[in-house]
Amino acid sequence: MAVSRVALAEDPTAGRLSDEVELYQRTYNTLLRSSGETALRVLESSHRAMGSSLHPLAGSDEPDLGAFIYAIRRLPDPVAGADLVIMGQEAEVFARNGVPFEEWAEVDAPARRRRWHDSGEGALAVLLASASDVDDLVPTLVAFQIEWNKLRVRQVAAGWPPSHQPSAEECAQALGGSADDWARLQQAWGAPFDERLRQIAERRMNLRVRMLGGTQVGYARETRRWWTPVHSGLAEQALTDKPMYLVSSNTHSLVNIVTGVAREREQALIEFVDTLPEGDILREELEAFRAGRSEGSWENFLYFVARLYFDSHGEEGRLARRRSEQEAGISHLPSKTALRVPAQIIPLAKLKPDGLDARLGDVDASALAASDAVVVNIDYPLGLAAYNILREVAVDTAALRGVYVLGKAATLNADVGDVMISSVVHDEHSGSTYWLDNAFSVNDLAGDLRFGSGLDNQRAVTVKSTFLQNRAYLDFYYREAFTVVEMEAGPYCNALYEIADADRHPVGEAVNFAKLPLDFGIIHYASDTPYTQARTLGARGLSYFGMDSTYASSLAILRRILRLEGALE
């Protein structure tokens, strides 16, 4: 059974709210076709009417600090003083329109990998990697503006801000919201918190947006620019025609598992943790390991500490880590394009068996050395960029042997940190439903899960944006047994269809992926639970405990590759 817009329409409530989501998306897409600037306030009514599950209080006078914090973490800090946001695909397009993009200061957002530049005079420019960036960025900006202006009204009414630095409890009492949320907002803004309160009181937010370009050809061209240095890196090692495994995950877990860089520095890492202040979670965890009370993995603990250890030594420490990883055969390729997706080249024959994580099992050293395969690991992209990437990789190499996707997802039936393995993926972009013979099951990773649970035979829905969904929409999918909500699996499936079939990927169809020309697996770990507000990895401080599911999944992926190469029983 394929889930489509027709099926949604059969549920009057879900259909109506789905129409409002689509109306919102259609509204900003048509407005952005204009060659001029558009006031963001014209989108506020359709944003409120959508009833976003991520922004439930959008239509209320009550501040929605959860949505505000979410937006703050996905926007660069100078947005607080901005008047104009210019979006485009290529630096050349900015230059042709008289925007000296590359002369402006580069700025970043904590939780989104986009290239932002700040003019210093109220204008921000941002490079887009795919249409999903528009679906993600525009609602985020609208949510930010709505909540900023709500807080402004409340501050004016309360005669704020006060002359002293207010506590979270004072903020909650005077302006609304919970003290816990205000504490999180203070943490998100850091030292400039007081300055931001003054800015909110003094300035009504009235952002304008402008789009330069935004064509499918432009996105494809940016993807090719991103892939070119990866292709060159493969060519330098004579790997362009060798069997390839593409892994979409992160830039730390596979590298830690195969290099031994952290394990070689075990004593130094322990001494580093001993210098951390009393009460630090890592110091407490180390004491638990020493006392035999910890439920966690010692290897995962070392991997997590290693990042902090090398970062504590600044640029010199990070360069030292890169050198150690290069000696172990890993090539790192940072991206300089709009597609901020770093890549790693991992030739299997260069891996040293004694550097591999023991949890992989008994690796056949001679079979490993004889393998001519290469793993290309990329930092997971956002939404439709996944389609562009897999399609470009498949166009460039005819020797693609496996594709494995490890990403974050919201879960409607599990808990934060759990791992979900889906056998069905419905893609909101194409309206198609894919039935998978997933390469993984719970048995492949259950032995490495210490804090979470594994669930296979799940159903995933790929949504267009974290904001472009509402409670009725989620309820509809939950009734249809779709429990995994994410943004990349559908686009990957669309590209995979074009690898396996003569036609372009279908629209609104049910597709059987039981027989594919390559190995394919998808694993998601739960990063938030939409039915329980603020239950996220970030909100719960689970950056350490949350990596348990990441490493269990990464070990499963690498075991699968080694087995296919005959290097593991």
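Looking only at distances, no side-chain donor or acceptor of Arg459 sits under 3.5 Å from a matching main-chain atom of Phe482. A donor-acceptor pair under 3.5 Å links the side-chain atoms of Asp418 to the main chain of Ser453, judged by distance alone. Here the side chain of Glu480 pairs no donor or acceptor atom with the backbone of Tyr478 at under 3.5 angstrom. Using modelled atom types, no side-chain atom of Asn250 and backbone atom of Asp379 make a donor-acceptor pair closer than 3.5 Å. When atom types are taken as modelled, the side chain of Asp444 and the backbone of Ser441 share a donor-acceptor pair closer than 3.5 angstrom. Here the side chain of Ser132 pairs a donor or acceptor atom with the backbone of Leu384 at under 3.5 angstrom. Put simply, the side chain of Thr462 never gets that close to the backbone of Glu488: no donor and acceptor are under 3.5 Å apart. The backbone N or O of Ser465 sits nowhere less than 3.5 Å from a side-chain atom of Asp135 that would complete a donor-acceptor pair. Looking at Glu287, its side chain never comes within 3.5 Å of a backbone N or O of Arg290 through a donor-acceptor pair. At least one donor-acceptor pair under 3.5 Å links the side chain of Trp226 to the backbone N or O of Val341.
The aromatic rings of Tyr434 and Phe513 sit tilted relative to each other, their planes meeting at an angle between 30° and 60°. Ring orientation note: the planes of Tyr404 and Tyr245 are close to parallel, at an angle under 30° on the 30°/60° scale. Ring geometry, Tyr477 versus Tyr473: the interplanar angle exceeds 60°, so the pair is classed perpendicular (tilted spans 30 to 60°).
When all heavy atoms of His231 and Asp396 are compared, the pair lying nearest together is ND1-OD2, 2.8 Å. Ser324 and Val261 get closest at one heavy-atom pair: CB-CG2, 3.8 Å. Minimum heavy-atom separation, Cys493 to Ile522: SG-CD1, 4.4 Å. Between Ile345 and Leu333 the shortest heavy-atom distance is CD1-CD1, 3.6 Å. Closest heavy-atom contact between Ser554 and Ile257: CB-CD1, 3.6 Å. Ile499 and Leu400 get closest at one heavy-atom pair: CD1-CD2, 4.3 Å.
Between Arg321 and Asp311 there is no salt bridge, since none of the side-chain N atoms of the basic residue sits less than 4.0 Å from a carboxylate O of the acidic one. Using a 4.0 Å cut-off between a side-chain N of Lys or Arg and a carboxylate O of Asp or Glu, Arg115 and Asp133 do not qualify as a salt bridge. Salt-bridge formation is detected for the pair Asp136/Arg114: a Lys NZ or Arg NE/NH1/NH2 atom is positioned less than 4.0 Å from an Asp or Glu carboxylate oxygen. The residues Lys408 and Glu486 are annotated as not salt-bridged, no charged nitrogen and carboxylate oxygen being separated by less than 4.0 angstrom. A salt bridge links Asp357 with Arg359: the closest approach of a Lys/Arg side-chain nitrogen to an acidic carboxylate oxygen falls below 4.0 angstrom. Salt bridge present: Asp519 and Arg560 bring a charged side-chain N and a carboxylate O closer than 4.0 Å.
With a 4.5 Å cut-off on side-chain heavy atoms, Asp280 and Val273 do not count as touching. At least one side-chain heavy atom of Leu239 sits less than 4.5 Å from a side-chain heavy atom of Pro347. With a 4.5 Å cut-off on side-chain heavy atoms, Glu325 and Val255 count as touching. Within the 4.5 Å cutoff, side-chain heavy atoms of Asp448 are placed close to those of Arg559. Counting heavy atoms from C-beta outward, Leu562 and Val363 have side chains that approach closer than 4.5 Å. Side-chain contact between Asn300 and Thr550 is absent, with no heavy atoms from C-beta onward closer than 4.5 Å. Looking at heavy atoms from C-beta onward, Tyr70 lies in side-chain contact with Leu54 at the 4.5 angstrom threshold. Residues Leu254 and Val258 have side chains not in contact (no heavy-atom distance under 4.5 Å, counting atoms from C-beta outward).
Atom CG in Asn377 sits 5.0 Å away from atom CD in Gln344 (nearest 0.5 Å). Considering OG1 of Thr140 and CZ of Arg73, their distance stands at 13.0 Å, rounded to 0.5 Å. How far CZ of Phe451 is from OG of Ser297: 8.5 Å, rounded to the nearest 0.5 Å.
Cation-pi geometry between Arg263 and Tyr303 is not met at under 6.0 angstrom from the ring centre and within 45 degrees of the axis.
Remark: the His505 side chain and the Ser430 side chain contain no N/O donor-acceptor pair separated by less than 3.5 Å.
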- Walk me through it: do Glu565 and Ser371 pass the test side chain to side chain donor-acceptor pair (under 3.5 Å)? CA-CA 7 Å; Glu565 289 302 304; Ser371 172; 2.9 Å; yes
- Message: What verdict does the salt bridge (Lys or Arg N to Asp or Glu O under 4.0 Å) test give for Glu392 and Arg224, after you've listed the backbone C-alpha separation in whole Å, the side-chain angles of each residue and the deciding distance to 0.1 Å?
- Response: CA-CA 7 Å; Glu392 179 64 25; Arg224 179 151 298 180; 3.0 Å; yes
- Message: Apply salt bridge (Lys or Arg N to Asp or Glu O under 4.0 Å) to residues Arg283 and Glu278 and explain how you reach the verdict.
- Response: CA-CA 7 Å; Arg283 187 162 176 176; Glu278 291 285 349; 3.2 Å; yes
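The environment of Glu315 atom CD is dense: over 12 non-hydrogen atoms of other residues, nucleotides or ligands sit within 6.0 angstrom. Other residues, nucleotides and ligands contribute only 12 or fewer heavy atoms inside 6.0 Å of the CG atom of Asp362. Summarising the local packing, CZ of Arg74 is surrounded by more than 12 heavy atoms from other residues, nucleotides or ligands at distances under 6.0 Å.
Between Tyr492 and Tyr387, the ring center distance fails the sub-6.0 Å criterion.
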